[in-house]
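Everything numeric in this text was worked out from a predicted model, so none of it was measured. What you see below is based on every heavy atom in this structure, not just the backbone, and it leaves out hydrogens, waters and symmetry mates.
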Amino acid sequence: MAIEGANTVQLSAGQRVSALNHLAAIRGQFWGDSWKEVERFIDDMRDPRDSNNEGNIRTLSAIFYLAKIPTNKHHLSLSELTTDERTALVSAMNQLKAVVSLFPKRIALPN
């Protein structure tokens, strides 16, 4: 059954990030962390057999940079990161999630 008269509100990027981080904290509190999924994502992005490996590594570098994790730690196993660095990594991923959701819907390459 649909909710009649439901209004939607456009959230700013900052509001989206705040909401995603809040939801991540709730999930962690009640259902445990999703660190296995984060590790799988990072492993997939580091896969040298991927045809877009170079782009994936650049994207990972951007995520680590956004999380303010020092460059010398970008290649480490995620288990070697501190709790604060893990939190910053999840927050950086949420930042990207929020911003990407605001991208124009039909992006075309220039001629």
Solution key, residues 9-16 side-chain donor-acceptor pairs under 3.5 Å, sequence neighbours excluded:
residue, atom, partner, partner atom, Å
Ser12, OG, Gln15, N, 3.2
Ser12, OG, Gln15, OE1, 3.3
Gln15, OE1, Ser12, N, 2.8
Arg16, NE, Leu11, O, 3.3
Arg16, NH1, Ser101, OG, 2.7

Might you confirm whether atom CZ of Arg46 has over 12 heavy atoms from other residues, nucleotides or ligands at distances under 6.0 Å? yes

Are Thr71 and Tyr65 close enough that some pair of their side-chain heavy atoms sits under 4.5 Å apart? no

Look only at the side chain of Asn53 and the backbone of Asp47, and say whether a donor-acceptor pair between them is shorter than 3.5 Å. yes

Spell out, yes or no, whether Met45 and Leu96 are grouped together once hydrophobic residues are joined by side-chain heavy atoms under 4.5 Å, including indirect joins. yes

Could you go through the side-chain contact (heavy atoms from CB on, under 4.5 Å) check for Ile63 and Phe41 one step at a time? CA-CA 12 Å; Ile63 293 170; Phe41 168 74; 4.2 Å; yes

Compare all side-chain heavy atoms of Leu60 with those of His74 and state whether any distance is below 4.5 angstrom. no

When you measure from the side chain of Gln95 to the backbone of Ala92, do you find a donor-acceptor pair of N or O atoms at a distance under 3.5 Å? no

Ile69 CD1 to Ser61 OG distance, which is reported to the nearest 0.5 Å: 11.0 Å

pair Lys73-Glu80: side-chain heavy atoms closer than 4.5 Å: no

Indicate if Val17 and Val90 have the same hydrophobic cluster label, given that clusters are the connected sets of ILVMFWY residues with side-chain heavy-atom separations under 4.5 angstrom. no

Decide yes or no on side-chain contact (heavy atoms from CB on, under 4.5 Å) for Glu39 and Ile42, but give the supporting numbers first. CA-CA 5 Å; Glu39 287 175 330; Ile42 299 295; 5.8 Å; no

Validation row: Leu89, Trp35 side chains within 4.5 angstrom (heavy atoms): yes

Do Leu20 and Leu66 sit in the same hydrophobic cluster, where Ile, Leu, Val, Met, Phe, Trp and Tyr count as joined when their side-chain heavy atoms come under 4.5 Å apart? no

Between Leu78 and Arg86, is any pair of side-chain heavy atoms under 4.5 Å apart? no

Using the rule that Ile, Leu, Val, Met, Phe, Trp and Tyr join whenever any side-chain heavy atoms are under 4.5 Å apart, tell me whether Ile57 and Phe64 fall into a single cluster. no

Greater than 12 external heavy atoms within 6.0 Å of Leu109's CG: no

